[in-house]
Amino acid sequence: MTPKRYSSFAEIDMDLRILKLEQEVDLESLKLSLKNSKQSLYPTNLLGGFGGIIQKLLLTLLAKKFFKKIT
């Protein structure tokens, strides 16, 4: 890659501003990705949401009652 040749300080400043903005965009994108990753690892999301948890609890309670009546 050949180095870019600048003819004025204004061109250099413009490229520096562009690079700084690209860096800020990349940082915000990284923050968003980290936030989404954290949310996807919550126990409620891992178990299928609140509906899945409620169903599992109800099924467990019903199974316990059923086995108590049998024994």
Side-chain angles (χ1 to χ4, degrees):
M1 183 172 159
T2 60
K4 185 174 180 180
R5 298 212 181 251
Y6 297 100
S7 60
S8 69
F9 285 109
E11 290 178 9
I12 295 172
D13 288 338
M14 182 61 75
D15 275 356
L16 288 175
R17 283 187 201 148
I18 291 170
L19 289 172
K20 184 176 180 182
L21 289 172
E22 287 175 348
Q23 183 182 20
E24 289 175 9
V25 168
D26 288 342
L27 181 62
E28 291 301 318
S29 176
L30 180 65
K31 287 179 185 178
L32 182 63
S33 295
L34 181 63
K35 181 181 174 185
N36 290 337
S37 296
K38 283 182 180 179
Q39 286 179 348
S40 68
L41 292 175
Y42 284 155
T44 54
N45 290 337
L46 291 175
L47 296 175
F50 287 115
I53 291 173
I54 292 172
Q55 287 176 351
K56 288 178 184 178
L57 286 174
L58 288 175
L59 185 61
T60 303
L61 290 173
L62 290 173
K64 284 182 182 179
K65 285 185 179 184
F66 178 75
F67 287 120
K68 279 184 181 179
K69 287 184 178 181
I70 291 177
T71 57

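In what follows, every heavy atom counts, from backbone to side chain, and hydrogens, waters and symmetry copies are set aside.
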task: List in chain and number order the residues that pass side chain to side chain contact (heavy atoms under 4.5 Å, CB included) with I18, two or more places apart in sequence or in another chain; answer none if no residue qualifies.
output: M14, D15, E22

statement: Sequence neighbours excluded, the answer for side chain to side chain contact (heavy atoms under 4.5 Å, CB included) partners of S7 is E11

query: For L19, which fellow cluster members are found when Ile, Leu, Val, Met, Phe, Trp and Tyr are connected by side-chain heavy-atom distances below 4.5 angstrom, either directly or through intermediates?
result: none

Residues in side chain to side chain contact (heavy atoms under 4.5 Å, CB included) contact with Q23, at least two apart in sequence or another chain: none

message: Checking one residue: I12. Which other hydrophobic residues are in its cluster under the side-chain 4.5 Å linking rule?
response: Y6, F9, L16

Show every donor-acceptor pair shorter than 3.5 Å between a side-chain atom in residues 25-32 and any protein atom, with sequence neighbours excluded, or say none if there are none.
| from | atom 1 | to | atom 2 | distance (Å) |
| --- | --- | --- | --- | --- |
| E28 | OE2 | K31 | NZ | 3.4 |

